[in-house]
Amino acid sequence: MAAPTKLGRVLCRTLPRVSSSLRSYCTAQEPPPYRPRRALMYVPGNDERKILKIPTLDVDCAVLDCEDGVAANKKDEARANITRMLDEVDFGRTECVVRVNSVDSELADDDLLAILQAKNLPSGIMLPKVDSVEELQQFAANLNAAVAEIEANPIFNLITMVESARGLMNLQAILEEAGNLVDMSPFRLAAVTFGSDDFCADIGASRTSDAKELMYARQKVVVTAKAFGLQAIDLVSIDFKDTESLRRQSEEGAKMGFTGKQVIHPLQVPIVQQAFSPSPERVVWARGLIQAFQQHQQEGKGAFVYEGKMIDKPSLLQAQNVVQLAEAVEPSGSQQ
């Protein structure tokens with residue numbers, strides 16, 4: 001891991017003051033409303049034209065990128081452009097997230113210091129290539145220092161990325177540490193994203209259209225994320241013109257338990273968001289099951305038959321998940 005940066009060393013001297021000022025604010029927060037991230041679309045931070053187009057796409061989550069989507073000699077331009085776009089663009093219902101560079105790159109501090117100059121801060125920060133607990137700790141320290149002078153005490157949705165064998169094996173410990181850091185850091189962990197291409201490069205695998213070579217990693221990501229009550233965002237499909245493969249892969253991911261999928265092109269957005277949305281028939285089934293369950297509970301009955309199937313508590317939880325997502329993605333649903 002890279003040596004502590006200047007910003008990190010500054011925090012070591014200021015941590016008691018910073019953590020004290022944030023702790024009561026963080027612990028006082030109620031759980032936020034469920035926020036769907038069916039499609040999570042990357043947009044290069046230095047491309048103003050593409051950023052301006054975001055409000056027309058009706059995408060759940062747009063990630064303004066400072067990392068892999070931006071060339072090394074365009075990093076400063078991306079930072080400045082993102083900071084300006086945050087203040088000038090009304091993203092509507094779309095959640096705006098900024099992907100900073102990894103801790104090891106030693107560029108994340110510059111990303112944070114630039115982006116946090118915006119008056120309208122992003123709702124979330126994506127942290128790529130998280131391989132260890134120590135990297136998450138250093139990021140938390142740097143973020144604390146970066147927001148120390150912001151009077152509003154912002155709280156960011158944090159989306160971490162798994163992109164290596166080491167990161168996958170350490171995922172449980174990383175998520176546990178994220179929970180430990182909540183009281184002292186201005187973030188709440190919201191989701192885990194699987195970076196499939198970096199992962200394949202790390203283990204020497206070859207990407208295939210059916211992604212069989214990634215089945216174990218995908219299952220581990222989704223199970224571990226759900227164990228911590230987090231959203232799990234599935235791999236990206238790099239052949240954006242192959243819409244049929246995208247549809248199959250999206251539906252497979254939804255059945256596996258993923259809550260959304262990464263996309264790199266506007267054409268992918270409607271296909272992915274449909275795949276991760278419950279059908280109208282499924283919503284009717286879920287609401288009817290919940291109503292029937294409540295009625296049977298009032299009558300003192302446990303398991304019961306609903307539409308020809310035996311229903312108990314796990315079935316109720318499935319139905320509640322369906323209704324929660326349906327209400328979140330409806331036009332009248334909460335997008336806060």
Side-chain angles (χ1 to χ4, degrees), residues 29-41 58-63 91-97 123-124 126 155-160 175 178-179 182 187-194 218-219 221-234 250-263 269-298 302-304 306-307 309-336:
Q29 292 298 295
E30 296 181 359
Y34 181 81
R35 186 161 208 163
R37 297 179 180 92
R38 296 167 297 170
L40 187 152
M41 186 179 73
D58 194 37
V59 63
D60 286 348
C61 181
V63 180
F91 293 96
R93 78 164 195 89
T94 297
E95 178 185 22
C96 185
V97 172
S123 66
M126 175 178 282
I155 298 292
F156 301 96
N157 295 317
L158 179 63
I159 301 175
T160 63
L175 299 185
V182 164
F187 67 75
R188 53 185 172 226
L189 192 56
V192 178
T193 302
F194 178 46
R218 293 169 72 197
Q219 289 177 326
V221 168
V222 74
V223 169
T224 308
K226 294 302 183 70
F228 287 85
L230 303 172
Q231 293 184 22
I233 312 299
D234 202 6
S250 300
E251 291 173 351
E252 177 189 69
K255 290 176 181 177
M256 289 175 64
F258 283 98
T259 52
K261 187 175 183 65
Q262 301 162 82
V263 303
V269 171
I271 296 172
V272 168
Q273 292 192 165
Q274 181 180 16
F276 285 92
S277 300
S279 67
E281 295 78 14
R282 183 72 170 168
V283 176
V284 170
W285 167 86
R287 287 176 170 153
L289 187 150
I290 293 172
Q291 183 178 6
F293 187 91
Q294 293 171 343
Q295 179 179 343
H296 282 82
Q297 286 290 297
Q298 292 174 356
F304 63 97
Y306 178 73
E307 294 189 355
K309 295 183 179 180
M310 187 63 66
I311 302 298
D312 53 12
K313 191 63 176 290
S315 301
L316 173 67
L317 295 177
Q318 287 184 336
Q320 290 172 334
N321 289 337
V322 170
V323 171
Q324 175 182 256
L325 177 57
E327 292 178 348
V329 301
E330 287 172 355
S332 60
S334 171
Q335 301 294 343
Q336 302 177 6

Residues that Glu251 engages under salt bridge (charged side-chain N to carboxylate O under 4.0 Å, His left out), provided they are two or more places apart: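 With neighbours one apart ignored, the set is empty.
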Count the heavy atoms of every other residue, nucleotide or ligand shown that sit under 6.0 Å from CD of Gln324, and state whether that count exceeds 12.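 For Gln324, atom CD is crowded (more than 12 foreign heavy atoms under 6.0 Å).
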Is it the case that more than 12 heavy atoms not belonging to Gln320 sit under 6.0 Å from its CD atom?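 Yes, enclosed.
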Side chains of [X] and [Y]: closer than 4.5 Å at any heavy-atom pair?
| X | Y | result |
| --- | --- | --- |
| Asn157 | Val97 | no |
| Leu230 | Leu175 | yes |
| Leu40 | Asp60 | no |

Report the distance from atom [atom1] of [X] to atom [atom2] of [Y], rounding to the nearest 0.5 Å.
| X | Y | atom1 | atom2 | value |
| --- | --- | --- | --- | --- |
| Thr259 | Arg37 | OG1 | CZ | 8.0 Å |
| Trp285 | Ile290 | CH2 | CD1 | 8.5 Å |
| Lys261 | Glu252 | NZ | CD | 8.5 Å |

Counting only N and O atoms by type, is there a donor-acceptor contact under 3.5 Å from the side chain of [X] to the main-chain atoms of [Y]?
| X | Y | result |
| --- | --- | --- |
| Gln262 | Met41 | no |
| Ser123 | Cys96 | yes |
| Ser250 | Val272 | no |
| Gln231 | Ile159 | no |
| Gln273 | Val329 | no |

Stepwise side-chain contact (heavy atoms from CB on, under 4.5 Å) check, Ile233 with Val192: CA-CA 6 Å; Ile233 312 299; Val192 178; over 6 Å; no
Non-neighbouring partners of [X] that pass side-chain contact (heavy atoms from CB on, under 4.5 Å), sequence neighbours left out:
| X | value |
| --- | --- |
| Val223 | none |
| Ser277 | Arg38 |
| Val222 | Lys226, Ala232, Phe258 |

Taking every non-hydrogen atom, the tightest pair across [X] and [Y]:
| X | Y | value |
| --- | --- | --- |
| Tyr34 | Ala328 | CD2-CB, 3.9 Å |
| Phe276 | Gly253 | CE2-C, 4.0 Å |
| Leu325 | Pro278 | CD2-CD, 3.5 Å |
| Val59 | Ala39 | CG2-O, 3.6 Å |

Once side-chain hydrogen bond (donor to acceptor under 3.5 Å, both in side chains) is applied, do any residues pair with Asn321, and if so which ones, sequence neighbours excluded?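 side-chain hydrogen bond (donor to acceptor under 3.5 Å, both in side chains) check on Asn321 returns nothing, list empty.
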Identify which one of Val269, Val63, Ile271 satisfies the side chain to side chain contact (heavy atoms under 4.5 Å, CB included) criterion when paired with Val263.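 Option passing the side chain to side chain contact (heavy atoms under 4.5 Å, CB included) with Val263: Val269.
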Taking ring pair (Phe, Tyr, Trp, His ring centres under 6.0 Å) as the definition, give me every residue that meets it alongside Phe194, ordered by chain and number, with sequence neighbours left out.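 In terms of ring pair (Phe, Tyr, Trp, His ring centres under 6.0 Å), with neighbours along the sequence ignored, Phe194 is linked to Phe199.
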Indicate yes or no: does Arg93 engage Asp58 in a salt bridge with an N to O separation below 4.0 Å.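 Salt bridge present between Arg93 and Asp58.
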